Q: 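Pasting a structure here, questions to come.
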Amino acid sequence: MSQSHTESESFYSRFRNQLILSQNWPGTYLFKFVVKSESPHLDKLKLLFDSYHPQFTVKQSSKKTFTSLSIRVRMDSADQVIEIYKQASHLEGVMAL
């Protein structure tokens, strides 16, 4: 197991515990991402939520360099939230907040 993989799994383990303590499951969760405005990944990011009936809020930065995407969606569990974040992490230039 690589060092970065171990660190990543440790992060997700801590994050999962925080989600379990701070949220009611199933329940509404708010995802927030920032993407460079010219990135082709904004649409790919939206597709990750296609089957969840999401509510999207899209805003551009004042200089239109970045686009923020907020997604309000009903999730069944902390593990489901983490799976979305893991999928999003494979999209280059997408930053989770």
Side-chain angles (χ1 to χ4, degrees):
M1 203 179 283
S2 70
Q3 179 67 18
S4 62
H5 180 75
T6 302
E7 290 172 0
S8 177
E9 289 305 312
S10 176
F11 167 78
Y12 284 119
S13 177
R14 287 190 313 272
F15 184 49
R16 181 180 184 278
N17 290 336
Q18 289 173 341
L19 286 171
I20 289 169
L21 292 173
S22 66
Q23 298 278 132
N24 293 320
W25 303 106
T28 302
Y29 186 79
L30 180 63
F31 289 87
K32 291 187 176 194
F33 297 93
V34 174
V35 181
K36 285 194 174 185
S37 292
E38 72 275 1
S39 172
H41 296 303
L42 185 60
D43 289 333
K44 290 179 183 178
L45 185 58
K46 286 181 177 182
L47 284 175
L48 295 177
F49 298 92
D50 209 30
S51 64
Y52 297 106
H53 308 290
Q55 295 176 352
F56 294 113
T57 303
V58 179
K59 295 181 184 176
Q60 283 195 320
S61 63
S62 60
K63 295 182 181 179
K64 301 192 185 319
T65 308
F66 293 96
T67 300
S68 69
L69 176 63
S70 298
I71 307 106
R72 187 173 301 276
V73 65
R74 184 167 177 82
M75 296 270 100
D76 292 329
S77 67
D79 292 326
Q80 197 174 32
V81 170
I82 289 169
E83 185 57 34
I84 294 283
Y85 278 120
K86 285 181 176 181
Q87 291 175 24
S89 72
H90 295 290
L91 299 174
E92 186 177 333
V94 173
M95 297 170 273
L97 303 178

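As the structure is a computational prediction, the values presented were derived from the model and not from experiment. The analysis underlying the following values was restricted to heavy atoms, covering all of them including side chains, and did not include hydrogens, waters or symmetry mates.
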Q: Under a 4.5 Å cut-off applied to non-hydrogen side-chain atoms, are Phe56 and Leu45 in contact?
A: no
Q: How far does CD of Glu38 sit from OG1 of Thr65, to the nearest 0.5 angstrom?
A: 8.0 Å
Q: Quick one: do Tyr12 and Met95 end up in the same hydrophobic cluster if we chain Ile, Leu, Val, Met, Phe, Trp and Tyr together by side-chain heavy atoms under 4.5 Å apart?
A: no
Q: If you measure from CD on Glu83 to CE on Met75, what distance do you get to the nearest 0.5 Å?
A: 10.5 Å
Q: Determine whether Leu97 and Phe66 fall in the same hydrophobic cluster, where Ile, Leu, Val, Met, Phe, Trp and Tyr are linked whenever their side-chain heavy atoms lie under 4.5 Å apart.
A: yes
Q: Rounded to the nearest 0.5 Å, how far does CD of Gln55 lie from CZ of Phe49?
A: 12.5 Å
Q: For Lys32 and Ser70, work out which heavy atoms get closest and say how close.
A: CG-OG, 3.8 Å
Q: Apply side chain to side chain contact (heavy atoms under 4.5 Å, CB included) to the pair Trp25 and Asp79, showing each step before the final yes or no.
A: CA-CA 10 Å; Trp25 303 106; Asp79 292 326; over 6 Å; no
Q: Looking at Lys86 and Glu9, is there a salt bridge between them, counting it only when a charged N and a carboxylate O are closer than 4.0 Å?
A: yes
Q: Between Leu19 and Ile82, is a side chain to side chain contact (heavy atoms under 4.5 Å, CB included) present by the stated rule, with each step listed?
A: CA-CA 9 Å; Leu19 286 171; Ile82 289 169; 4.2 Å; yes
Q: To the closest 0.5 Å, what do you measure between OG (Ser22) and OH (Tyr29)?
A: 7.5 Å
Q: Between CG of Leu47 and CG of Leu42, what distance do you get to the nearest 0.5 Å?
A: 10.0 Å
Q: How long is the gap from CD1 on Ile71 to CG on Leu30, to the nearest 0.5 Å?
A: 8.0 Å
Q: Is it the case that the side chains of Ser37 and Thr67 hold a donor-acceptor pair, with the cut-off being a distance below 3.5 Å and no angle test?
A: yes
Q: Taking a hydrophobic cluster as the set of Ile, Leu, Val, Met, Phe, Trp and Tyr residues connected by side-chain heavy atoms closer than 4.5 Å, whether directly or through intermediates, do Val73 and Phe15 fall within one such cluster?
A: yes
Q: Go through it in stages, so that I can follow the logic: the residues are Phe33 and Leu91, the test is side chain to side chain contact (heavy atoms under 4.5 Å, CB included), and I'd like the CA-CA distance, side-chain angles, deciding distance and then a yes or no.
A: CA-CA 11 Å; Phe33 297 93; Leu91 299 174; over 6 Å; no
Q: On the 0 to 90° scale, with breaks at 30° and 60°, tag the Tyr85-Phe31 ring pair as parallel, tilted or perpendicular.
A: tilted
Q: Would a hydrophobic clustering, with Ile, Leu, Val, Met, Phe, Trp and Tyr connected at side-chain separations under 4.5 Å, put Val34 with Val94?
A: no
